[in-house]
Amino acid sequence: MEYQFSEIEKKWRQFWADHKTFKAEDNSSKPKYYVLDMFPYPSGAGLHVGHPLGYIASDIYARYKRLRGYNVLHPMGYDSFGLPAEQYAIQTGQHPALTTEQNINRYRDQLDKIGFSFDWDREVRTSDPGYYKWTQWIFKQIFNSWYNLKSDKAEDISTLIAAFESNGNAGITAVTEFAEIFTADQWKGYSEKEQSDILMEYRLAYLADSWVNWCPALGTVLANDEVINGLSERGGHPVEQKLMRQWSMRIKAYAERLITGLDTVDWTDAIKDMQRNWIGKSVGASVKFVVSSSAEEVAFDSAQSTNNELRRSSGAEIEVFTTRPDTIFGVSFMVLAPEHPLVNEITTAEYKDAVEAYKTAASLKSERDRQADVKNITGQFTGAYALHPFSGEKIPVWIGDYVLASYGTGAVMAVPCGDQRDWDFATHFKIPIKNIFENVDISEAAYVEKEGTIADSDFLSGLPIKQAMTVAIAKIEELGIGKGKTNYRLRDAIFSRQRYWGEPFPVYYKNDIPYLVDDAHLPIELPEVDKYLPTEDGEPPLARAEKSAWKYFEGERMEYNTMPGWAGSSFYFLRYMDPKNDHEFVSKEKADYWNQVDLYIGGSEHATGHLLYSRFWCKFLYDRGYISFDEPFKKMINQGMILGRSSFVYRLEDNKTYITFSKKEGKQVVPIHVDISLVDNDKLDIEAFKAWRPEFANAEFILEDDGTYICGSEVEKMSKSKFNVQTPDELVERFGADTLRMYEMFLGPLEQTKPWDTKGINGVHNFLRKLWRLFYENGNLIVTDAPASKEALKTLHKTIKKVEDDLERFSFNTNVSNLMICVNELTDQKCHSKEILEQVVILLAPYAPHAAEELWSEALGHPAGTVSTTPFPKFNPEMLVEANTVYPVSFNGKMRFNAELPTTFSAKEVEEAVLAMPEAQKWLEGKAPKKLIVVPGRIVNIVV
RNA sequence: GCGGAUGUGGUGAAAUUGGUAGACACGCUAGACUUAGGAUCUAGUGCCGAGAGGUGUGCGGGUUCGAGUCCCUCCAUCCGCACCA
């Protein structure tokens with residue numbers, strides 16, 4: 001019997017679906033294991049071969065863990081809210097729910113063909129009301145929480161209100177920007193609106209006027225991680241800064257825990273560093289500089305101005321953040337961001353116009369221009385001076401757009417001798433540079449190292465830099481002019497989107513106060529609208545909905561924004577544990593049982609988005625007692641991208657002759673993308689090419705000497721327009737799912753970016769055919785009951801060990817090869833022993849599950865479908881080691897043994913075997929060896 | 001500029017605590033066989049050399065009996081961040 005993959009695969013797909021073979025039990029005596037893939041956004045283009053790469057890896061691991069006796073949770077679902085469906089809806093008028101449904105069906109079809117062991121009973125879709133009910137519910141919990149720095153966790157807002165009612169806010173240490181102090185009596189005297197506004201300053205989900213990334217082309221705001229180089233991640237449209245009233249999430253409250261938590265998870269350093277960078281922790285101090293009134297006199301006098309109105313700024317304080325308090329005596333000027341609120345106040349009359357002009361110029365620059373302009377040093381003196389807190393010296397105050405309004409305090413103390421940007425600024429504007437480092441030359445550049453000794457700095461002189469930092473902070477705190485402080489670059493996450501296809505907020509407004517919709521009315525379903533566009537007066541699309549279109553409506557108006565894409569994907573891994581629960585987003589019991597995701601596989605592009613937000617929500621839900629772990633993903637593997645390999649034909653100037661690759665040299669040719677389905681191993685199917693498009697119908701060719709046309713190729717991203725998209729479907733049809741699965745694993749290291757290339761797929765396919773021949777010859781079963789040969793046992797156990805090692809260490813690069821070697825060796829040995837083949841089939845089951853099931857039941861006579869529940873073969877090291885001859889060698893004056901050994905791979909076992917050899921015993925004369933070096937399979941050096 | 005990764009045949013790549021570099025597969029060469037199948041089988045295939053032999057893991061050093069692997073300098077490519085005080 002030949003290897004009939006299409007029949008076999010169809011049969012087993014059906015069997016698994018009918019028997020729910022991969023259903024995960026919520027209660028089991030087996031240990032649990034949770035293998036998760038990043039769920040896909042179901043785009044209209046369908047899956048290409050890059051998508052399943054990670055799914056195949058995780059499926060192999062999930063199946064392996066089942067063989068190892070684990071109760072495995074391996075679910076799949078869809079991140080089905082999103083921009084493309086909405087934009088398609090805007091163009092066509094089709095409801096996004098409809099296109100999303102169609103796309104999901106297509107995805108499911110494609111996924112099913114690859115033979116994944118997902119438990120489809122647990123499927124989730126973020127756009128399903130039964131799912132987003134819980135997205136809305138979690139939003140409510142976040143809204144109803146504040147971050148208590150004393151307990152270092154999120155707590156219910158009621159505890160804060162209770163505190164306000166009894167003591168006001170004086171004793172509260174919370175994450176908030178709110179600085180006013182009020183008493184209990186004052187609190188009780190506030191109106192509902194005033195109380196609501198104050199609580200808003202504490203809530204973890206809050207409404208505030210924020211500078212946001214506004215993308216006019218998309219008509220919505222974007223989160224920082226959705227903006228790349230000043231352009232939108234989706235579509236690449238320009239993004240500008242705009243002040244808007246928006247929902248935000250106080251993720252900054254978790255900044256420190258998001259950093260420390262990284263030490264408890266097994267992720268790559270690359271991803272951890274990306275997150276650390278993004279959070280951007282800096283330790284230092286904040287210091288207040290008093291703006292000098294007398295200095296202002298000087299400026300005023302010299303300007304000979306008579307406008308006394310502008311002179312009232314004396315006593316203003318500029319607060320700066322610095323990571324180098326040790327260099328405070330090196331301050332020779334200060335710089336404020338152009339948007340800094342004190343700029344108008346302190347600017348003297350003389351400089352008013354120049355400052356205004358500078359501010360205007362800065363505001364006209366887009367984020368992108370500002371970034372591109374890094375090397376252009378610009379700034380403007382304000383005429384004001386600040387007083388140095390220790391020396392009392394007058395320090396000129398400038399504004400400059402290299403200082404960002406949104407980081408720290410929006411102002412810096414400039415130390416040109418110790419900071420390159422300050423040095424450049426000072427040099428450019430000819431501001432004096434004071435050197436406070438002992439024996440350091442700063443004439444060419446700033447000294448930015450944190451090694452050395454401080455000089456010329458009053459009480460800091462003579463101290464090493466690191467010590468000076470501590471001393472400086474202590475002194476600053478003592479004088480009450482500042483304090484030690486840690487800053488984070490991470491910004492709070494904007495949570496509103498002006499779009500239709502997202503979760504509605506469970507929020508309504510009455511008297512301009514936002515209220516939460518009662519749980520009983522959740523989910524707040526998306527209302528129907530006539531168009532998926534903003535209203536004429538710029539309200540989000542949901543504002544178009546008639547009151548009657550809302551299934552639930554309360555107050556004067558509903559919240560018309562929707563939630564961002566990351567809302568639904570920030571807890572889906574929890575929902576899989578209990579996807580049908582209508583009373584809770586997940587029951588405590590099930591969350592406790594399934595616990596963390598043991599292995600998470602997905603792309604690294606989510607490093608600063610999804611992965612950060614999911615960790616944030618997980619920590620929040622942990623704080624509030626809904627789950628008992630505060631990191632969602634214990635171990636993560638990031639699969640690399642698969643690039644397309646485009647094929648080209650080369651047209652000569654005459655517009656109709658196409659010249660083959662090797663003969664185009666030195667000729668004027670136009671490369672033209674040709675559909676890769678017309679090309680096999682770079683050979684063009686000429687007839688198919690002529691039929692492909694009318695303009696090629698009369699094409700003429702200059703061929704290779706063997707009469708073929710060879711195409712050129714180039715590696716690019718897969719895209720329809722480059723005709724280089726390889727869908728898994730065609731390959732499954734030609735070679736079968738098992739071949740595709742093994743081939744994708746055979747391609748190279750999982751984590752690596754690599755071009756797609758089908759050149760080697762025959763090799764993998766031939767492996768399966770060869771495997772078949774161990775069982776069948778001329779259509780007859782040739783499996784025997786004869787005992788296995790020693791050789792065959794050795795091959796088997798070598799393979800068991802290799803497969804086991806590769807999967808436990810999780811490097812999907814060699815394991816398929818190990819099975820190939822195994823089958824090659826068994827073929828050479830003419831081994832048809834049932835004893836051996838049974839074990840081989842189990843080893844194969846995670847990789848090529850359809851073939852394994854077929855051989856297991858049809859050739860080996862086991863009950864159908866049981867290969868997935870058979871224990872993984874047990875490795876027996878004794879099968880590998882055989883004693884051999886040992887002979888002494890003298891080398892470089894040191895005595896050692898060289899022993900020739902049979903091929904094995906475990907140095908330890910060989911070591912033991914060598915020491916047990918009579919020859920070795922004799923040679924050592926009862927002494928222990930000083931050093932024993934084993935080259936697996938080859939040579940042993942024993943130093944005596 | 002900062003951070004992370006990667007450099008091995010014609011190609012994709014292996015190489016476990018440092019131990020025969022190139023497993024396995026593609027491709028290629030020669031041959032066999034055939035109910036012509038995306039077959040199968042045999043032999044060969046890093047480079048130089050007719051051969052013995054020499055040489056070889058981005059470059060240059062170092063440690064070691066022994067280095068693709070460890071250490072140092074440099075180079076190239078890819079990814080992320082980027083005026084974050």
Side-chain angles (χ1 to χ4, degrees), chain A residues 2 228-229 268-282 284 320-324 327 334-335 337 370-371 373-377 400-404 406-415 418-422 424-425 448 487-491 604-605 607-608 638 640-641 680-682 734-735 742-743 746-749 751-755 757-767 769-770 773 801-802 805-806 809 811 813-824 827 889 891-894 896 905-908 931 933-941 943:
Chain A
E2 271 291 296
I228 293 164
N229 290 332
T268 61
D269 287 341
I271 299 276
K272 286 187 182 184
D273 281 343
M274 271 190 231
Q275 292 212 343
R276 287 194 195 103
N277 263 329
W278 190 260
I279 297 167
K281 180 180 181 174
S282 324
V320 300
F321 173 74
T322 178
T323 53
R324 296 294 303 274
T327 63
M334 299 184 78
V335 186
R370 222 160 134 160
Q371 279 177 20
D373 244 13
V374 170
K375 283 178 201 104
N376 270 337
I377 297 162
D401 69 1
Y402 83 94
V403 176
L404 304 175
S406 52
Y407 179 77
T409 61
V412 300
M413 58 176 225
V415 183
D419 183 289
Q420 192 55 46
R421 291 154 305 169
D422 296 346
D424 293 340
F425 194 89
V448 296
N487 246 328
Y488 299 93
R489 204 153 73 192
L490 182 71
R491 316 278 159 86
S604 57
E605 67 272 19
T608 52
N638 306 106
M641 204 190 345
D680 194 15
N681 277 348
D682 289 341
R734 278 172 69 191
F735 299 101
M742 294 189 83
Y743 184 60
F746 188 74
L747 230 39
E751 298 89 340
Q752 194 174 295
T753 299
K754 53 213 163 219
D757 193 334
T758 46
K759 259 200 275 177
I761 199 164
N762 278 321
V764 175
H765 190 66
N766 289 342
F767 155 78
R769 301 168 57 97
K770 198 163 180 177
R773 290 198 295 272
K801 186 76 161 71
K802 288 252 187 198
D805 277 359
D806 280 338
R809 286 186 295 114
S811 51
N813 44 7
T814 56
N815 47 17
V816 183
S817 308
N818 292 328
L819 290 167
M820 291 183 180
I821 295 166
C822 176
V823 168
N824 285 350
T827 304
V889 171
F891 190 77
N892 252 17
K894 294 175 192 172
R896 35 189 88 227
F905 53 85
S906 164
K908 200 162 198 97
K931 199 175 170 191
I933 304 160
V934 176
V935 184
R938 295 297 166 195
I939 293 174
V940 183
N941 300 326
V943 183

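Values below: all heavy atoms of this structure, side chains included; hydrogens, waters and symmetry mates excluded. The structure presented is a predicted model; accordingly, all values stated were derived computationally and were not measured. Order of the sequence lines fixes the chain letters, A, B, ..., with proteins taken first and strands second; residue numbering starts at 1 for each chain.
Smallest separation of non-hydrogen atoms from A/Gly748 and A/Lys754: O-NZ, 3.8 Å. For A/Ile761 against A/Phe735, the heavy-atom pair with the smallest separation is CG2-CZ, 3.5 Å. Across every non-hydrogen atom of A/Val448 and A/Gln420, the tightest pair is CG1-N, 4.1 Å. Summarising the geometry of A/Leu819 relative to A/Phe767, their closest heavy-atom pair is O-CE1, 3.4 Å, with the distance given to 0.1 Å. Nearest heavy atom pair, residue A/Ser282 against residue A/Tyr407, reads OG-OH, 3.1 Å.
Residue A/Lys281 contributes atom NZ, which lies 17 Å from atom C1' of B/A85 at whole-angstrom precision. Atom C1' of nucleotide B/G12 and atom CE of A/Met742 are separated by 16 Å, given to the nearest angstrom. Going from atom CG of A/Asn277 over to atom C1' of B/G1 covers 13 Å, rounded to whole Å. Atom pair A/Lys754:NZ and B/U6:P shows a separation of 14 Å (rounding to whole Å applied). Distance CD1 (A/Ile821) to P (B/U16): 14 Å, rounded to an integer number of Å. Summarising the geometry, the separation between CG on A/Asp805 and C1' on B/A15 is reported as 14 Å, rounded to the nearest angstrom. Whole-Å rounding puts the A/Leu819 CG to B/A23 P distance at 18 Å. Per the geometry, CE belonging to A/Met641 stands 15 Å off C1' belonging to B/A5, to the nearest Å.
The same atom, C1', is picked in B/G9 and in B/C26; the two are 13 Å apart, to the nearest Å. Nucleotides B/U6 and B/G10 are separated by 23 Å at their P atoms, to the nearest Å. For the P atom pair drawn from B/G58 and B/U69, the interatomic distance equals 8 Å after rounding to whole Å. Comparing the P positions of B/A15 and B/C24 gives a spacing of 14 Å, expressed to the nearest Å. With both ends at atom C1', the span from B/G49 to B/C59 equals 26 Å, rounded to whole Å. Look at the P atom in both B/A5 and B/C70: the space between them is 12 Å, to the nearest Å. Rounded to a whole angstrom, the distance from the P atom of B/G7 to that of B/C71 is 15 Å. Across B/C83 and B/U73, the matching P atoms stand 28 Å from one another, rounded to whole Å.
Under the salt bridge (charged side-chain N to carboxylate O under 4.0 Å, His left out) criterion, A/Arg324 pairs with A/Asp326, not counting sequence neighbours. With sequence neighbours excluded, the residues satisfying side chain to side chain contact (heavy atoms under 4.5 Å, CB included) with A/Asn277 are A/Arg489. Every salt bridge (charged side-chain N to carboxylate O under 4.0 Å, His left out) that A/Arg769 has, sequence neighbours left out, goes to A/Glu2.
Within the nucleic acid shown, A/Asn487 has no heavy atom closer than 4.0 Å to any nucleic acid atom. Within the 4.0 angstrom heavy-atom criterion, only backbone atoms of the sugar-phosphate kind lie near A/Gln752; the bases stay farther away.
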Taking N or O atoms only and anything under 3.5 Å, show me the protein contacts with nucleotides 36-42 of chain B, one pair per line.
from	atom 1	to	atom 2	distance (Å)
B/G38	O2'	A/Asn762	OD1	2.7
B/G38	O6	A/Arg734	NE	3.3
B/G38	N1	A/Arg734	NE	3.4
B/G38	N1	A/Arg734	NH2	2.8
B/G38	N2	A/Asp680	OD2	2.5
B/G38	N2	A/Arg734	NH2	2.8
B/A39	O2'	A/Arg769	NH2	3.0

Between protein and nucleotides 76-79 of chain B, what N or O pairs are separated by less than 3.5 Å?
none

Could you write out RNA chain B as a dot-bracket string, with dots for unpaired bases, | for bases paired across to another strand, and Watson-Crick or G-U pairs counted at under 3.5 Å?
(((((((..(((......[....)))((((((.......))))))(((....)))..(.(((..]....))).))))))))....
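Formation of a donor-acceptor pair under 3.5 Å by the A/Asp419 side chain with backbone atoms of A/Val415 is not found in this model.
In terms of phosphate contacts, A/Tyr402 brings no side-chain nitrogen or oxygen within less than 4.0 Å of OP1 or OP2 of B/A85. OP1 or OP2 of B/A25 has at least one side-chain nitrogen or oxygen of A/Asn824 nearer than 4.0 Å.
Rounding to the nearest 0.5 Å places NZ of A/Lys802 at 7.0 Å from CD1 of A/Ile821.
A salt bridge links A/Arg276 with A/Asp273: the distance from a Lys NZ or Arg NE/NH1/NH2 to an Asp or Glu carboxylate oxygen falls below 4.0 Å. For the pair A/Lys801 and A/Asp805, the salt-bridge criterion is met [side-chain N within less than 4.0 Å of a carboxylate O].
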Please walk me through it: do A/Arg773 and A/Thr827 pass side chain to side chain contact (heavy atoms under 4.5 Å, CB included)?
CA-CA 8 Å; A/Arg773 290 198 295 272; A/Thr827 304; over 6 Å; no
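Nearest-nucleotide positions on RNA chain B for A/Trp278 and A/Arg491 put A/Trp278 closer to the 5' end. Nucleotides of RNA chain B nearest to A/Ala270 and A/Tyr488 differ in position, and the one nearer the 5' end is that of A/Ala270.
In B/G9 the O4'-C1'-N dihedral to the base is within 90° of 0, which defines a syn nucleotide.
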